[in-house]
Amino acid sequence: MILLINDKPNETNAANLAGLVAELNIEGAFALALNENFIPKNQYAETPITENDRIEIVAPMQGG
Amino acid sequence: MTQPNKTPTEKTPTELDDAQLNRFSRQILLSDIDYAGQLKLAQSHALVIGLGGLGSPAALYLAAAGLGQLTLVDFDQVDDSNLQRQIIHNEQRIGQNKAESAAHTLAQLNHFCQTHVISHQLENEALDALIQQVDIVLDCSDNFETRYALNQACLKARKPLVSGAAIRWEGQLTTYDFRHDDSPCYECLYKPGTSNDQSCSRNGVVSPLVGMVGSMQAMEAIKALIGLPTLVGKLLLIDGLTMQFRQFNLKQDPHCIQCQKK
């Protein structure tokens with residue numbers, strides 16, 4: 001199925017956020033929002049994803 | 001200007017005088033602020049951590065807007081390469097401590113605003129004691145260690161924390177308002193651990209971006225002090241290149257270690 005990840009269409013076989021995160025192999029710290037709602041990490045496995053979901057992966061910034 | 005260790009002793013003003021009514025007339029005109037809101041600002045004390053790209057506009061606007069007291073914390077010195085974006089400093093201040101330099105600029109901007117300078121790094125106990133004395137904290141720092149420490153200290157003291165960050169063309173902004181039990185915290189969003197080096201010195205930053213984010217931190221602080229709605233529960237992502245501003249909902253993480261300490 002197709003997801004929008006940071007505004008770009010992406011094919012995935014994952015059924016939930018945990019699977020998606022494993023598939024994407026994200027390096028370093030990040031936060032993930034599903035359809036504009038941040039999801040705590042320990043809820044990834046129980047949060048299903050469906051076609052056309054919008055995923056935003058946000059990295060912490062220290063710059064100031 | 002008072003010295004770092006001196007506790008603010010000035011009496012809290014109970015009214016605005018004629019000079020203040022004139023100076024702040026354009027804000028008092030706003031029905032959401034009015035006399036009561038402006039007086040509240042005059043009675044308020046904000047702590048600005050970091051007088052760099054974000055702290056420069058944040059402190060300038062808070063002082064200009066009529067905050068009663070500002071405590072400015074930075075142990076770093078003004079460097080030539082800072083002047084591209086850290087607009088509270090100038091060429092004559094190169095080599096000077098940033099908190100001192102900022103206080104000099106603010107003194108010329110608003111003599112009603114009392115500034116306190118802290119030019120050394122704060123250990124946890126000193127930070128806790130300082131946060132007890134203020135009404136709001138602005139995280140304008142440039143490192144994760146400070147960001148996590150401020151989050152914990154503000155949560156413990158139940159003080160609002162306006163958190164801003166900026167690199168390249170991108171910024172992030174929110175307010176964690178620990179006066180409310182249901183506010184998320186910085187660790188609800190980002191767990192400490194391995195982080196990429198997202199710093200201005202490594203990644204670069206376009207000058208007005210820090211002006212945008214830092215000014216919005218001052219805006220959030222003013223609203224939080226007066227009791228107007230803030231970004232609490234929402235993270236604002238700012239993209240200066242596309243000029244897209246997007247909000248994402250951020251709830252308290254029921255398993256957040258810091259929030260569980262409350």
Side-chain angles (χ1 to χ4, degrees), chain A, chain B residues 49-55 58 86 138-148 163-168 170-172 184 186 188-205 209-210 213-214 217 234-235 237 242 244 246-256:
Chain A
M1 80 182 144
I2 302 288
L3 300 174
L4 277 179
I5 302 180
N6 289 12
D7 279 337
K8 293 190 185 74
N10 253 274
E11 179 73 36
T12 181
N13 296 314
N16 56 42
L17 287 181
L20 180 69
V21 165
E23 217 179 71
L24 292 174
N25 197 18
I26 306 163
E27 277 179 44
F30 69 94
L32 186 153
L34 170 63
N35 299 328
E36 287 75 44
N37 296 300
F38 280 105
I39 309 291
K41 283 209 164 41
N42 54 33
Q43 291 174 22
Y44 285 178
E46 65 207 50
T47 306
I49 45 178
T50 53
E51 185 88 30
N52 297 323
D53 273 345
R54 296 177 303 280
I55 306 284
E56 191 75 22
I57 295 159
V58 185
M61 296 175 179
Q62 53 189 342
Chain B
I49 305 285
L51 276 302
L54 300 174
Q86 302 183 12
L138 285 85
D139 183 351
C140 303
S141 72
D142 63 356
N143 64 86
F144 289 126
E145 198 187 340
T146 303
R147 291 183 182 280
Y148 285 112
S163 175
I167 51 161
R168 299 181 294 254
E170 303 142 47
Q172 298 180 7
Y186 188 65
C188 293
L189 180 63
Y190 297 121
K191 301 284 174 260
T194 50
S195 290
N196 301 321
D197 181 12
Q198 299 279 344
S199 64
C200 295
S201 52
R202 286 277 302 273
N203 293 269
V205 61
L209 175 75
V210 290
V213 178
Q217 284 185 271
K234 290 177 189 301
L235 179 74
L237 297 187
T242 61
Q244 273 194 315
R246 294 180 304 158
Q247 289 186 13
F248 294 82
N249 298 312
L250 174 64
K251 283 190 180 151
Q252 196 176 94
D253 175 359
H255 293 92
C256 175

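A, B, ... follow the sequence lines: proteins, then strands. Residue 1 opens every chain.
- Of the atoms belonging to B:Leu209, not a single heavy atom falls under 4.5 Å from chain A.
- Counting heavy-atom pairs under 4.5 Å between each of B:Glu145, B:Gln247, B:His255 and chain A puts B:His255 at the top.
- Proximity to chain A is absent for every atom of B:Pro184, based on heavy atoms less than 4.5 angstrom apart.
- For A:Tyr44, there are no ring pair (Phe, Tyr, Trp, His ring centres under 6.0 Å) partners, not counting sequence neighbours.
- Taking the side chain to side chain contact (heavy atoms under 4.5 Å, CB included) definition, one finds that A:Asn37 meets it with B:Asn249, sequence neighbours left out.
- Here the shortest heavy-atom pairing between B:Val205 and B:Val210 reads CG2-CG1, 4.0 Å.
- Within the 3.5 Å criterion, the main-chain N or O of B:Gly55 finds no donor-acceptor partner in the side chain of B:Gln217.
- Using the six-membered ring where Trp is involved, B:Tyr148 and B:Phe144 have ring planes that are tilted, between 30° and 60° apart.
- Taking all atoms of both residues into account, the shortest heavy-atom contact from B:Gln252 to B:Cys188 is CA-SG, 3.9 Å.
- The list of salt bridge (charged side-chain N to carboxylate O under 4.0 Å, His left out) pairs with a residue in residues 1-25 of chain A, not counting sequence neighbours, reads A:Asp7-B:Arg246.
- The choice from B:Val213, B:Leu250, B:Asn143 that makes the most heavy-atom pairs within less than 4.5 Å of chain A is B:Asn143.
- Taking non-hydrogen atoms and a 4.5 Å limit, the residue list of residues 48-57 of chain A in contact with chain B, ordered by number, reads A:Glu56.
- For the atom pair A:Glu46 CD and A:Ile39 CD1, the distance stands at 9.5 Å (nearest 0.5 Å).
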